[in-house]
Amino acid sequence: MPLNVYNTLTRRKEPFEPIHPGKVGIYVCGPTVYGHSHLGHAKSYVGFDAIIRWLEFSGYAVNYVQNITDVGHLTDDADEGEDKVTKEARRRGLHPMAIAETYTRSYLDDMDAMNIRRPDVMPRATGHIPEQIACVQTLLDKGHAYEVNGAVYFDVSSFSRYGRLSRRIVEDMDAGARVEVNPDKKHPSDFALWKRAEEGHIMRWSSPWSVGYPGWHVECSVMSQKYLGETFDIHGGGIENQFPHHECEIAQGECATGKPFCRYWLHNNMCTINGQKMGKSLGNFVLLKELFYTGHDLLEKTFEPVVVKHFVLTSNYGAPLDFSNDALKAAESGSYKLRDAARELSRAALSGSPKPRAEKIRTALEDIEKRFTDAMNEDFNTAAALAVLFDLAKQSGAWISEGAGQEDLLAADTLMQRLTGDALGLKWPSPLGGDAESSNQDDLIRLLADLRDQARKNKDFALSDQIRDRLASMGVQLRDTPDGTKW
RNA sequence: GGCGGCGUACCCAAGUGGACUAAGGGGACGGAUUGCAAAUCCGUUAUACAUGGGUUCGAAUCCCAUCGCCGCCUCCA
């Protein structure tokens, strides 16, 4: 079955066909680095991680570009004109570039913790000012933009397809519903390509029009086309940016080159917390570092990054997702169950007995892989794919207890690793941290487990429980099974 | 006010016209196993898909209305 993706441009699922066979160029809107990453970032980038990984798993050579926005954002609708990076810089008495650097690293730390594949290119807006100026100049030259007092605006009336992505009709929109209309603009829908810097604005560059800074939308058009070509395969981003940001990207990109901008638009949906929109003023704003490490008032406990990733994958990237303590706890139990089954399988595969392969297991594994593949090929249905993994976990447990041969167990183990580790990027840390395989941790635990078993045989349950409890406090869970003690 | 999306069991959630007698995870309950745990295994847990109409031989899936929730509505989120 071929890969089908839901394309916002056409509002339907369609077969995915890359421009160049075997290769995929994908651009995903990255974060604005003025603060630590929050739940919304986890939802968004876990979703796109699954997409990137699945494209690679399917054999495509993927070129993944994700920008870092380090200039040019309003603080909020009510707050006139100051950019968020600059505001944070002033608050902390640092240069804006130090703020951008700090939070770029913070973002990458959080994403790495969830084992999210890093982009191949992470271009920064401030590192592409000349390219943005060139793009603005091209748009002026082609009659798609006009200059007023050192600012340059895109002329929406010059691009008839404006509004096609978000299905909006320019005339029908209630201009000024949220923000005062700028009197310099010919039409309220026109948007800024370049702005003149006011007195005291730190982030400023020379341009043919003024000393100023670029409009937000232009960076994405320029950087995506620079690294992926004038027309590329996939553009991803949050659904809240569908309008106006993505609409503007298309307008700029297509007017500058005269070519289609991007073929498939994939939009990630939003998340809520306890059913409510997350907002700083609502007091329900949860940072990933709080979720992972330090805790938050709305949550009973912290959750491992892999658990958070698992939770996000239980719903579709295009559907909204509600974070709550209960939902995260459920995902945690599920994630650990899958983790333990996978570990059990790896261990069993190492010590399995030599036997000819069983047809039953061979066909079962083929069936698992097919169902998983079908699920992911249907617009990256990670929830259905996870269900298949739970089935593999259940079946492999039965094979182990039936005494399946080593070859079969190795085949099952390999499939489990490929689907959990490669396709979904679920990576559970080893119990004591570090790399369990390369140390003698396992041997030490074995030693303690053996000593405990001797104590149990002697009915010295005080000692055996003490060993179990102390290992548990270090993160090692001992379990007595009919086949001996495991962890 | 306009546009778009969503509403599936106690919770999360997949499924978008017939293979649905509605995945999967969590939780709960019963049983097996067990020194106790934990884990595992077996079984039970939606005649039902927000509500009300309609289309169809057939609808969770399509149409209309209502209710609820979410996002966007213009410029530098």
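The analysis underlying the following values was restricted to heavy atoms, covering all of them including side chains, and did not include hydrogens, waters or symmetry mates. Keep in mind it's a predicted model, so treat the numbers as computed, not measured.
Note that OH of Y27(A) is 8.5 Å distant from CD of Q66(A), once rounded to the nearest 0.5 Å.
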Output one line per pair: protein atom, nucleotide atom from nucleotides 4-15 of chain B, and distance, for all N/O pairs under 3.5 Å.
{"from": "A13(B)", "atom 1": "O2'", "to": "T314(A)", "atom 2": "O", "distance (Å)": "3.2"}
{"from": "A14(B)", "atom 1": "OP1", "to": "N316(A)", "atom 2": "N", "distance (Å)": "3.0"}
{"from": "A14(B)", "atom 1": "O3'", "to": "N381(A)", "atom 2": "ND2", "distance (Å)": "3.0"}
{"from": "A14(B)", "atom 1": "O2'", "to": "N381(A)", "atom 2": "ND2", "distance (Å)": "3.4"}
{"from": "G15(B)", "atom 1": "OP1", "to": "N381(A)", "atom 2": "ND2", "distance (Å)": "3.1"}

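A ring pair (Phe, Tyr, Trp, His ring centres under 6.0 Å) check over residues 317-349 of chain A, counting only residues at least two apart or in different chains, returns the pairs F311(A)-F323(A).
Both cation-pi conditions hold for K301(A) and F303(A): the charged atom is under 6.0 angstrom from the six-membered ring centre and inside a 45 degree cone around its axis.
Note: F261(A) and H235(A) have tilted aromatic rings, judged against thresholds of 30 and 60 degrees for the angle between ring planes.
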Donor-acceptor pairs under 3.5 Å, side chain of residues 236-246 of chain A to any protein atom, not counting sequence neighbours: which ones?
{"from": "H245(A)", "atom 1": "ND1", "to": "H217(A)", "atom 2": "ND1", "distance (Å)": "2.9"}
{"from": "H245(A)", "atom 1": "NE2", "to": "E249(A)", "atom 2": "OE2", "distance (Å)": "3.1"}
{"from": "H246(A)", "atom 1": "ND1", "to": "N241(A)", "atom 2": "O", "distance (Å)": "3.3"}
{"from": "H246(A)", "atom 1": "ND1", "to": "H267(A)", "atom 2": "NE2", "distance (Å)": "2.8"}

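In this structure, K329(A) does not reach the G27(B) phosphate: none of its side-chain N or O atoms is under 4.0 Å from OP1 or OP2.
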Bracket notation of RNA chain B in which parentheses pair within the strand, [ ] cross earlier pairs, and | pairs with another strand (Watson-Crick or G-U, under 3.5 Å): ((((((((.[[[..)..(.....]]]((((((.......))))))....[[[[[..)....]]]]])))))))....
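With sequence neighbours excluded, the residues that form a ring-ring contact (aromatic ring centres under 6.0 Å, His included) with H38(A) are H41(A), F285(A). In terms of the side chain to side chain donor-acceptor pair (under 3.5 Å) criterion, T314(A) has no residue partners (sequence neighbours excluded).
Heavy atoms of R196(A) sit nowhere under 4.0 angstrom from any nucleic acid atom.
Side-chain atoms of T272(A) and N274(A) form no donor-acceptor pair, as typed in the model, at a separation below 3.5 Å.
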